[in-house]
Amino acid sequence: MIYILTGDIRTGKTTALLNWVNTSAMRSGTGRKDVDGLLCPDGENGKRYFLKIKSQKDIELEVAFESEKVISVGPFYFLESAFETANNYLIETAREKDFQYMIIDELGKLELKNKGLHDAAKTSIAQFMFNENKHLILVVRESLFEDIINHYTISEYSVLGIEDLENLK
């Protein structure tokens, strides 16, 4: 089953997922054990990073300067190596059987150009679309919702708002 968590930019989608997963409790071993994948919160320095949900390990993503090894999106610079690591992690995680929910935060303009987290999204969407026991939560901004649905040919899905997360068991 695929869930698409959607909303406008900067409306708390990632924060709501952090709270739903209860990452602070995961660090002490008491948080949700049935969720894995990647979240993309802002760090203390204001730069985005990938957070591996189960292990609570970070992958540096956003840097302050342009170089040959970054992908530029508007005023932001993202490490190509971070996307490679993130894609590999998500594809490997999708093969595992010890979770009920996998999160990909987020699909956007890069993925529509077959970059960013595209490889993991393509693989995971095909794997989860008709799976009743495992669920994929995709984070997609409202303005790109239709484009993402069409790009990945997602025919079976449920739309979530941040207020709907508490209803997921």
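All figures in this text were calculated on a predicted structure; none of them were measured in a lab.
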query = Are the side chains of Cys40 and Leu51 in touch, meaning some heavy atoms are under 4.5 Å apart?
reply = no
query = Are side-chain heavy atoms of Val139 and Ile104 found at a separation under 4.5 Å?
reply = no
request  = Using a strict cut-off of less than 4.0 Å between a Lys/Arg side-chain nitrogen and an Asp/Glu carboxylate oxygen, indicate whether Arg141 and Glu106 qualify as a salt bridge.
outcome  = yes
CG-CG distance between Asn19 and Leu165, expressed to the nearest 0.5 angstrom = 9.5 Å
key: Within-4.5 Å side-chain heavy-atom neighbours: Val159 and Leu5   = no
query = How long is the span from the CZ atom in Phe83 to the CD1 atom in Ile71, to the nearest 0.5 Å?
reply = 5.5 Å
message = Between Arg10 and Asp42 (salt bridge meaning N to carboxylate O under 4.0 Å), is one present in this structure?
response = yes
message = Do Ile103 and Val21 make a side-chain contact, defined as non-hydrogen atoms from C-beta onward lying under 4.5 Å apart?
response = yes
message = Using every non-hydrogen atom in the two residues, find where Thr85 and Ile59 come nearest and quote the distance to one decimal.
response = CG2-CD1, 3.8 Å
inquiry  = With side-chain contact (heavy atoms from CB on, under 4.5 Å) as the criterion, how do Ile4 and Ile149 come out once you've worked through the C-alpha distance, each side chain's angles and the decisive distance to 0.1 Å?
reply    = CA-CA 9 Å; Ile4 301 176; Ile149 296 295; 3.1 Å; yes
query = Can you check whether Gly116's main-chain N or O pairs, donor with acceptor, with Asn87's side chain at less than 3.5 Å?
reply = yes
query = For the residue pair Tyr3 and Tyr101, does the interplanar ring angle fall in the parallel (under 30°), tilted (30 to 60°) or perpendicular (over 60°) class?
reply = tilted
ask   = Are Val140 and Leu160 co-members of a hydrophobic cluster defined by side-chain heavy atoms under 4.5 Å apart?
value = no
Nearest non-hydrogen partners of Met102 and Ser124, listed with the distance = CE-OG, 3.2 Å
query = Would you say Thr123's side chain and Ala120's backbone share a donor-acceptor pair under 3.5 angstrom?
reply = no
task = Evaluate whether atom CD of Glu142 has more than 12 neighbouring non-hydrogen atoms of other residues, nucleotides or ligands under 6.0 angstrom away.
result = yes
note = For Tyr77 and Ser72, the nearest pair of non-hydrogen atoms, with its separation, is CE2-OG, 3.8 Å
ask   = Do side-chain atoms of Asn131 reach the backbone of Lys134 as a donor and acceptor pair under 3.5 angstrom?
value = yes
task = Would you check if Tyr89 and Leu38 make a side-chain contact, meaning some heavy-atom pair closer than 4.5 Å?
result = yes
key: Heavy-atom neighbours of Lys115 NZ exceed 12 at 6.0 Å   = no
request  = For Leu18 and Pro41, work out which heavy atoms get closest and say how close.
outcome  = CD1-CB, 4.0 Å
key: Pairing of Asp98 and Lys54 as salt bridge, 4.0 angstrom limit   = yes
key: Heavy-atom pair with the smallest gap, counting every atom of Ala94 and Phe99   = CA-CZ, 4.2 Å
remark   = For Glu60 and Ala82 the tightest heavy-atom approach is O-CB, 3.0 Å
ask   = If we only count heavy atoms from C-beta on, is the Arg48 to Phe76 side-chain gap below 4.5 Å?
value = yes
ask   = Within a strict 4.5 Å, meaning less than it, do heavy atoms of the Ile162 and Thr11 side chains meet?
value = no
ask   = What is the distance from atom CG of Leu90 to atom CZ of Arg95, rounded to the nearest 0.5 Å?
value = 11.5 Å
query = Within the side chain of Asp147, is there an N or O that forms a donor-acceptor pair under 3.5 Å with the backbone of Leu144?
reply = no
Close side-chain approach of Gln100 and Asn133, heavy atoms under 4.5 Å = no
remark   = From the list Lys122, Glu111, His118, side chain to side chain donor-acceptor pair (under 3.5 Å) with Tyr152 holds only for His118
